[in-house]
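All chains are named by letter (A, B, ...) in the order of the sequence lines, taking the proteins before the strands, and each is independently numbered beginning at 1.
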Amino acid sequence: ETGVTQTPRHLVMGMTNKKSLKCEQHLGHNAMYWYKQSAKKPLELMFVYNFKEQTENNSVPSRFSPECPNSSHLFLHLHTLQPEDSALYLCASSQDLGKREKLFFGSGTQLSVL
Amino acid sequence: EDQVTQSPEALRLQEGESSSLNCSYTVSGLRGLFWYRQDPGKGPEFLFTLYSAGEEKEKERLKATLTKKESFLHITAPKPEDSATYLCAVQAGGQNFVFGPGTRLSVLP
């Protein structure tokens, strides 16, 4: 399989649940990102990892907890979410951080918080 | 603060009716401007990168141009399969990408 793969594609969870989103990239990239996309709003950067190390946390609430065990895998652990957290969560990767090159995106996880 | 705006918010075209989408940006030290296409429920798909004013890129019915303050995505003789949301993003001195809100394009047969 090639590109950036995200699972699950859809997720419905209650406010007291704990769930995790998974992202895997097969491109040999060193940087990985989590973005949030809400209806009619620009993509919001959440976290950036470079060579497994977190380089940016864009003031994201602690109910979102990222994990990057290696350069190919990225997780987003979710707990006690709010209804306003319902959105499309996108994972992306790039060859390196800070260079003038494009992002490759996964298909996203559509999250609904009830 | 780096900002990206896109206009119009939504655009409906008849098949074959050419038009342009606009991306205006305010950044310090532009490193690159990127155009993406996004279909409903999917992640953005890369289209073009532009690095300097005057640069142009083409792909099938799409042509992207760049000035010092804005970029245009020209769509020539569009087809229904060109219907999607088109996103513009800039990479500035801070290295991270700033995305615009997108233009939702509908091409009617």
Side-chain angles (χ1 to χ4, degrees), chain A residues 2-11 21 23-25 27 29-50 54-59 74 87-112, chain B residues 1-11 21 23-27 29-53 55 57 59 64 66 71 84-105:
Chain A
T2 59
V4 181
T5 304
Q6 289 187 244
T7 55
R9 288 297 317 278
H10 303 274
L11 179 62
L21 310 185
C23 175
E24 182 175 2
Q25 59 97 357
L27 301 168
H29 289 170
N30 299 315
M32 296 188 77
Y33 312 73
W34 279 116
Y35 280 88
K36 175 183 178 181
Q37 187 175 35
S38 304
K40 296 189 176 182
K41 292 177 67 176
L43 270 72
E44 300 172 52
L45 179 65
M46 300 176 72
F47 303 102
V48 182
Y49 278 82
N50 193 40
Q54 186 179 126
T55 59
E56 183 155 347
N57 176 337
N58 203 22
S59 302
L74 187 63
L88 181 67
Y89 288 85
L90 292 162
C91 174
S93 70
S94 66
Q95 182 61 55
D96 288 296
L97 193 64
K99 293 187 177 179
R100 301 189 302 172
E101 53 193 78
K102 56 185 176 283
L103 295 173
F104 291 80
F105 285 88
S107 293
T109 295
Q110 187 67 55
L111 174 67
S112 298
Chain B
E1 183 180 344
D2 300 334
Q3 288 190 331
V4 178
T5 59
Q6 292 186 246
S7 62
E9 180 178 332
L11 181 62
L21 313 182
C23 171
S24 296
Y25 61 91
T26 306
V27 298
L30 180 71
R31 296 164 67 91
L33 185 141
F34 302 80
W35 281 99
Y36 286 85
R37 169 195 170 124
Q38 185 175 24
D39 293 303
K42 294 189 176 181
E45 177 186 344
F46 171 77
L47 292 173
F48 302 110
T49 306
L50 301 166
Y51 292 114
S52 56
E55 191 175 358
K57 293 277 180 72
K59 180 181 179 181
L66 180 64
S71 176
T85 296
Y86 290 85
L87 302 175
C88 169
V90 297
Q91 187 184 33
Q95 301 178 1
N96 286 325
F97 294 79
V98 179
F99 281 82
T103 292
R104 192 170 62 256
L105 174 66

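Taking every heavy atom of both residues into account, A/Leu88 and B/Gln38 meet most closely at CD2-NE2, 3.9 Å. Here the shortest heavy-atom pairing between A/Pro42 and B/Phe99 reads CB-O, 3.4 Å.
B/Phe97 has its ring centre no less than 6.0 Å from the ring centre of A/Tyr35.
Only the side chain of A/Leu45 comes within contact range of chain B, judged by heavy atoms closer than 4.5 Å.
Considering CD of B/Glu45 and NZ of A/Lys102, their distance stands at 11.5 Å, rounded to 0.5 Å. Separating the CD atom in A/Gln37 from the CG atom in B/Leu87 is a distance of 6.5 Å, to the nearest 0.5 Å.
Between B/Pro44 and A/Leu103, every side-chain heavy-atom pair lies at or beyond the 4.5 Å cut-off.
Atom NZ of B/Lys57 is surrounded by more than 12 heavy atoms from other residues, nucleotides or ligands within 6.0 Å.
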